[in-house]
Structure formats: structure tokens, C-alpha cells
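Read the numbers this way: they start at 1 and go in the same order the structure lists the ligands and their atoms. Everything numeric in this text was worked out from a predicted model, so none of it was measured. Scope of the values below: all heavy atoms of this structure, side chains included, with no hydrogens, waters or symmetry mates.
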Amino acid sequence: MSESYFQKRKGDRGALSMSACDSGKAFAARIIENLNKNMNGERKDVRMRLTSSSEITFGNGEIKNEIHENIRGDDHYIVQCFDDPLSKKSINDNLLALLTHINAVYQSDADAITVVIPQYCYSRQERKKTREGITAKQIAQFIEVSGADRVITLDVHAEAIAGFFTRAKMEDLHASRTLLDHFKKNYDSSNLVITAPDVGGAEKARFYSKTMQTDLAIVDKARDYSKTSTIESMRLVGNVKDKNVLIPDDMISTGGTMVNAAKLLKDKGAKNIYITCSLPFFNGHAKDILYKAYEEKVISRVIGTDAVFHGAKFIEENKWYDEVSIAPLFAHVISHINAKRSVSELLK
Ligand code: R5P
């Protein structure tokens with residue numbers, strides 16, 4: 001990139017600066033590493049670093065965030081990863097931490113506030129089925145009312161969530177290209193069928209199959225919403241016999257969807273089954289059931305992104321899991337926004 005993030009003229013956005021809530025610090029460090037790598041030769045002396053801030057949890061559980069540097073007039077980015085496997089903080093603690101952090105940045109008089117949340121929490125509560133709240137919309141409102149102007153997220157579960165913001169803009173990034181490039185470089189992509197793990201995943205699977213020029217299959221999954229994480233029935237539309245299969249999904253939570261889909265595909269004669277997901281949460285017993293499925297040769301590998309960062313030790317110890325970094329894409333988009341360049345090409 002030829003623009004400097006720091007040398008500003010009239011009409012430019014403010015200088016690019018970034019802070020993070022505690023659970024967002026590891027991902028923010030990787031974004032900054034990539035932003036610094038992207039800087040062109042002329043300003044190698046100027047390195048971006050994380051703005052100093054603190055996150056305190058008081059004895060009664062209340063959270064306070066404070067910014068320790070002058071960010072007045074900046075184009076400021078706040079990074080948070082709600083579901084952080086390396087922390088004891090709950091998603092709800094981390095949500096409050098983000099909201100208080102946004103407000104601290106707002107009170108510090110940044111010109112523009114962008115929230116970088118690769119995991120949009122409560123995204124699966126985006127519509128009403130019975131007497132329930134549309135919590136994904138509440139999250140949008142909380143973020144907006146705290147002072148954010150823009151949200152950057154990753155493969156949000158329901159695209160309609162972008163419309164839940166009244167004033168703030170939402171950029172939804174996709175991990176598909178990063179995951180597919182990694183897959184093509186490191187795994188056998190011959191004789192492949194792309195399979196959606198459920199009807200909701202058909203669009204993503206279609207993109208994969210177009211890009212890879214392969215056939216497409218779909219697992220038709222019906223859930224029993226009266227019981228937690230219970231799948232009622234599954235059937236396959238398409239043919240996977242004697243084929244390698246790649247199943248893409250936006251997230252793995254309990255692992256139930258994936259392992260059940262993989263078992264069905266094995267029964268239908270599939271050979272190696274690879275799984276990619278943007279958000280590898282691995283909640284509850286997911287790690288155990290995925291490990292068991294790997295040991296029993298039901299699945300060959302799960303490939304996830306570092307938008308949910310499990311740490312180097314986890315990757316070393318869990319041969320069934322492979323991680324690819326999505327931080328370069330975030331750095332690219334952030335630098336384009338700051339330089340007022342188009343981002344649409346980067347969102348495909
Ligand atoms: C469902 O619509 C999503 O795309 C995921 O397939 C699902 O949320 C994964 O959840 P779990 O791993 O608990 O089955």
C-alpha cells in the first residue's frame with residue numbers, strides 16, 4: 001500500500017490506531033503485525049502498536065475500561081473476541097467489556113470508532129420463532145448506542161444482521177478464500193465433492209463448489225428446538241460415494257452438526273472427509289467428539305481460523321485440527337478503510 005496510516009492531509013480519515021479488550025489482544029497483535037508488514041518501504045521507521053488501555057473487573061463483577069493515550073481525532077479500531085478459549089471470561093463478560101471499551105474510546109474523542117469482532121455473539125438469535133427476543137438486533141443496538149460507527153465481522157451467521165444497525169455500517173468478511181487457498185496447498189483436493197452440513201450452509205457450499213469446480217451435495221438437517229443441541233433427522237441430497245468430501249461451515253459449536261453429517265456421509269460411501277469453519281468455537285464436549293471422530297477415521301481434519309484462537313499448544317496436541325490465520329484479511333480491509341479505498345473486492 002502506498003498511503004501512510006500516519007501522514008494525514010485534509011479530507012483524510014484520522015490516523016489509524018487500535019486498542020483491544022483483553023480477549024481481543026492476541027488477535028489485535030496479529031492484525032497489527034500484518035498492518036506493519038503491509039506498510040510500504042518509505043515509512044519503515046513508523047511502526048503501529050496497540051494503544052495502551054486497561055480492563056478492570058471489580059469485586060462485584062462490574063467492568064471498567066480505560067484508554068491511557070491520546071487518541072483524539074483518530075480513526076480508531078477496537079478488537080474483541082467474545083468466545084476466548086484461553087480466558088475464563090464468559091461471552092457476556094466480554095460483551096460488557098467491549099461496550100465499556102467503545103464508550104471509553106468515544107469519551108476519548110476518536111473521530112471514528114470501528115469495532116472489530118470476528119465473532120458476532122448471539123448471531124444465531126436473529127429471528128423470532130416463538131415468544132423470544134431477537135437478541136442479535138439488541139447486540140447491534142448496544143454496540144451502536146455505545147458509540148461505534150462501524151463493525152467488521154467474519155462470516156456472520158445471518159446476513160440480515162447488517163440491517164439491524166441504524167447508523168453504523170457493517171462489513172462482513174469471508175474466510176472462504178483463505179481457507180480454500182490453505183486447503184488447496186496442503187490437502188488432496190482431487191475427486192472432491194463439497195457438501196453443505198445443512199440447508200443454511202448451501203450458499204457457502206455453492207461458492208466453494210464453484211471455486212473448486214466440483215459437485216455439490218447437501219445434508220438436510222432438521223433440529224428439535226425443544227431440546228438443546230438436538231438434531232431430529234438428517235438425509236443426503238446428492239452423491240458422495242467414493243469421493244473425498246469437504247464440508248464448509250460458518251461455525252462449530254458443540255460439533256454435533258459436523259460429526260453427524262460426517263457419519264451420514266461415511267455411511268453413504270464418502271472417502272476422506274475434511275471440514276472447514278470460520279469460527280471454531282469447540283464448546284462443551286466438541287473437542288472430545290471431534291477427536292473421537294478423527295480416531296475412528298470418520299473425519300480426516302478440521303481446518304479453522306484464528307478468529308477463535310486456541311493457542312499453539314492446542315494445535316500441537318490436537319492432530320485433527322489445523323489453523324489458518326485470518327488476520328491478514330482483517331489488516332487488509334482496515335488499511336483500505338483508513339485510506340478510503342474500496343473494500344468490496346476484499347469481501348468476496
Ligand atoms: C447452523 O446453522 C450453523 O451454521 C452451525 O452448523 C451450527 O451452529 C453448529 O453448531 P453445533 O456445532 O453445535 O452443531
Side-chain angles (χ1 to χ4, degrees), residues 81-83 85 90-91 117-129 132 134-136 139 153-162 172-176 179 194-209 216-238 245-266 273-294 298-299 301-305 307-308 310 314 318 320-323 326:
C81 297
F82 298 114
D83 192 330
S90 70
I91 288 177
I117 43 167
Q119 320 155 359
Y120 189 106
C121 63
Y122 292 92
S123 63
R124 285 178 286 182
Q125 296 181 40
E126 92 290 6
R127 64 194 153 133
K128 188 162 106 77
K129 292 190 192 85
E132 55 190 331
I134 306 174
T135 316
I139 300 295
T153 188
L154 182 70
D155 286 316
V156 71
H157 183 67
E159 285 176 351
I161 288 173
D172 183 27
L173 277 49
H174 300 295
S176 311
L179 286 164
I194 307 294
T195 305
D198 54 26
V199 176
E203 197 183 328
K204 185 186 291 298
R206 202 175 302 121
F207 172 82
Y208 268 62
S209 81
L216 176 67
I218 297 171
V219 173
D220 180 24
K221 169 187 87 172
R223 267 190 194 276
D224 179 353
Y225 285 98
S226 66
K227 299 176 198 125
T228 316
S229 304
T230 303
I231 293 161
E232 227 172 36
S233 65
M234 280 184 141
R235 64 187 174 137
L236 179 69
V237 182
V245 174
L246 173 59
I247 320 178
D249 207 354
D250 58 342
M251 64 175 84
I252 296 180
S253 177
T254 63
T257 302
M258 274 304 172
V259 172
N260 287 316
K263 281 182 181 160
L264 175 72
L265 297 172
K266 273 281 167 189
I273 299 181
Y274 302 97
I275 292 163
T276 59
C277 74
S278 314
L279 301 171
F281 292 121
F282 305 147
N283 302 126
H285 298 294
K287 288 169 205 161
D288 300 331
I289 70 164
L290 288 163
Y291 172 73
K292 190 162 174 264
Y294 173 77
V298 174
I299 60 170
R301 198 60 58 95
V302 178
I303 307 158
T305 79
V308 185
H310 292 273
F314 178 89
N318 292 280
W320 53 270
Y321 184 62
D322 184 13
E323 183 191 83
I326 197 70

Numbered atoms and elements of ligand 1 in range of [X], under 4.0 angstrom, heavy atoms:
{"X": "M251", "answer": "5 (C), 8 (O), 9 (C)"}
{"X": "H157", "answer": "1 (C), 2 (O), 3 (C), 4 (O)"}
{"X": "R124", "answer": "8 (O), 10 (O)"}
{"X": "G255", "answer": "11 (P), 12 (O), 13 (O)"}
{"X": "T254", "answer": "11 (P), 12 (O), 13 (O), 14 (O)"}

Check whether any side-chain N or O of Q125 sits under 3.5 Å from a backbone N or O of I134 as a donor-acceptor pair, and report yes or no. no
Ionic contact status for K204 with D155, cut-off 4.0 Å: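 Salt bridge: yes.
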For G201 and ligand 1, answer yes if some heavy atom of the residue is under 4.0 Å from a ligand atom, otherwise no.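 Distance cut 4.0 Å: G201 fails for ligand 1.
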Run the ring-centre check on Y321 versus Y294 and record whether the distance is less than 6.0 Å. no
Would you kindly say whether T153 and D172 are connected by a side-chain donor-acceptor distance under 3.5 Å? no
Any N or O of M258 closer than 3.5 Å to N or O of ligand 1: no
Which is closest to atom 1 (C) of ligand 1 in terms of heavy atoms, D249, N260, D198? D198
Going by salt bridge (Lys or Arg N to Asp or Glu O under 4.0 Å), name the residues that satisfy it together with D83, two or more places apart in sequence or in a different chain. none
Using the test side-chain hydrogen bond (donor to acceptor under 3.5 Å, both in side chains), find all partners of D322 that sit at least two apart in sequence or belong to another chain.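 With neighbours one apart ignored, the set is H182, Y187.
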Plane angle bin for W320 and F314 - parallel if under 30°, tilted between 30 and 60°, otherwise perpendicular: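 F314 vs W320 ring planes: perpendicular.
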Taking 4.0 Å as the limit for heavy-atom contacts, which would you say applies to D250 with ligand 1: side chain only, backbone only, both, or neither? side chain
